[in-house]
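Beneath this line is the structure, given in structure tokens, with notes to follow.
Order of appearance sets the numbers: ligands from 1, and atoms from 1 within every ligand. Along the sequence shown, residues carry numbers from 1.
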Amino acid sequence: QKGGYDHFMLKEIYEQPRALADTVHPRISDGLPSFEAQDDIPEGFWRQFDTISIVACGTAMHAGMIGKNLIERLARIPVECDIASEFRYRDPILGKHSLVLLISQSGETADTLAALRLARERGATTLAVVNVTGSSIAREADYVIRTFAGPEIAVASTKAYSVQLSVMYLIAIRLALANRAVDDARARELTSGLLGAIETTKDVLGLNVEIKEYIKRYESLRDLFFLGRGLDYALSMEGSLKLKEISYIHCEAYAAGELKHGTISLVTEGVPVVAVATQETLLPKMVSNIKEVHSRGADVLLVCKQGLEVDPEIYSKRLDLPALDDLFMPVVGVIVLQLLAYHTAVLRGCDVDKPRNLAKSVTVE
Ligand code: M6R
């Protein structure tokens, strides 16, 4: 059942190139994203909205954070991204030009389902991105985009996140085109950028052994910090959740520029920091934040993009990701963070697939 892997989580990490291709390829028509044939969503659908709310929990919410960044950047439509249990109780402003995008692997998460019902009551259009066919969220949403990750057994979500992310790219490009924020040529370039990123996920899996070796120093760790800016910050949130969920190490993900507003007081000699610095445009700022933690004795693991210049004095180890456009770096970056969490949990003797206190699907509020 585990296909020769020690755990479902590792198997599911390795299934990502296939899951991504299965999810994205049926939604490309003539070099552009289209949800007409696969999901019965007409092209005109994407032109109706003034605002978008992305609502989800846990890992799915982290995919939503990337979605917000992509949609705002490419389609220039304001997007808010909320944790479902917060969205429900903050009396959200919604109307007939609002799109509420619910993301859920299981399609059964109680708070996400309740947020969907609230959105419908308030006259918004609901679009659900779900992995499980026939789930409650899939049944109740106005429109559904199915992800094709296949069954995810490990409690820690990996391949479901990646496919959710890929749908965020498709939606962002589709919205950008429909609302004339990009022209046809640019939309095609972005679509082929996404397909290229998916191809390179196979190469990133090749970092597995190097990561396994490096994390030996995390065996008796208590705390760890992730730092990132922009898309790397959203990715750090996911890396941090993954690590704490299965290895029981206390971690925090920080927007690197925010560190000096308080949290840097926790960075002392030997404190491990995973610096996610894949965004070329933000690199000088990230480097100065890495220098700040390095000068206080932090043990820095740098997750970077091939070819970017960073002074080797300021980190202990560098992991290089394929040199894609900044926009697509999360597609490859997340794999490194998943492997980091996985090997750390194995090293510490944790029950990787069934971490304590957690259920695969959270059907209580
Ligand atoms: O099934 P859902 O995607 O709605 O689940 C949401 C969260 O419960 C889920 O992503 C959770 O955070 C995972 N255990 C994270 O690995």
Return the residue, atom name and 0.1 Å-rounded distance of the protein heavy atom closest to atom 8 (O) of ligand 1.
-> V362 CG2, 4.0 Å
Identify which one of M286, M329, R318 satisfies the side-chain contact (heavy atoms from CB on, under 4.5 Å) criterion when paired with C304.
-> R318
Nearest protein heavy atom with distance in Å, relative to atom 1 (O) of ligand 1 = S106 OG, 2.6 Å
With heavy atoms of A156 as the reference, note each atom of ligand 1 found under 4.0 Å away.
-> 16 (O)
Closest protein heavy atom (residue, atom, distance) for atom 5 (O) of ligand 1 | T109 OG1, 3.5 Å
Please list, chain by chain and in numerical order, all residues satisfying side chain to side chain contact (heavy atoms under 4.5 Å, CB included) with A56, sequence neighbours excluded.
-> A60, M61, I103
Contact atoms of ligand 1, heavy-atom distance to V155 under 4.0 Å = 13 (C), 14 (N), 16 (O)
Electrostatic pair K68-E72, nearest N-O below 4.0 angstrom = yes
T112: heavy atom below 4.0 Å from ligand 1, yes or no?
-> no
Do ligand 1 and G58 have nitrogen or oxygen atoms that lie under 3.5 Å from each other?
-> no
R356 charged N/C atom sitting above Y248 aromatic ring, 6.0 Å / 45° | yes
Identity and distance of the protein heavy atom lying nearest atom 7 (C) of ligand 1 = C57 O, 3.7 Å
Is a salt bridge present between K305 and E280, judged by a nitrogen-to-oxygen distance below 4.0 Å?
-> yes
Specify the protein heavy atom at minimum distance from atom 10 (O) of ligand 1: its residue, its atom name, and the distance to 0.1 Å.
-> T59 N, 3.2 Å
Out of E245, Q105, K242, whose heavy atom sits nearest atom 14 (N) of ligand 1?
-> E245
Return the minimal non-hydrogen interatomic distance between Y342 and D6, and the atom names on each side.
-> OH-CB, 3.9 Å
Residue pairs passing the side chain to side chain donor-acceptor pair (under 3.5 Å) test with at least one member in residues 262-274, sequence neighbours excluded, are Y254-T263
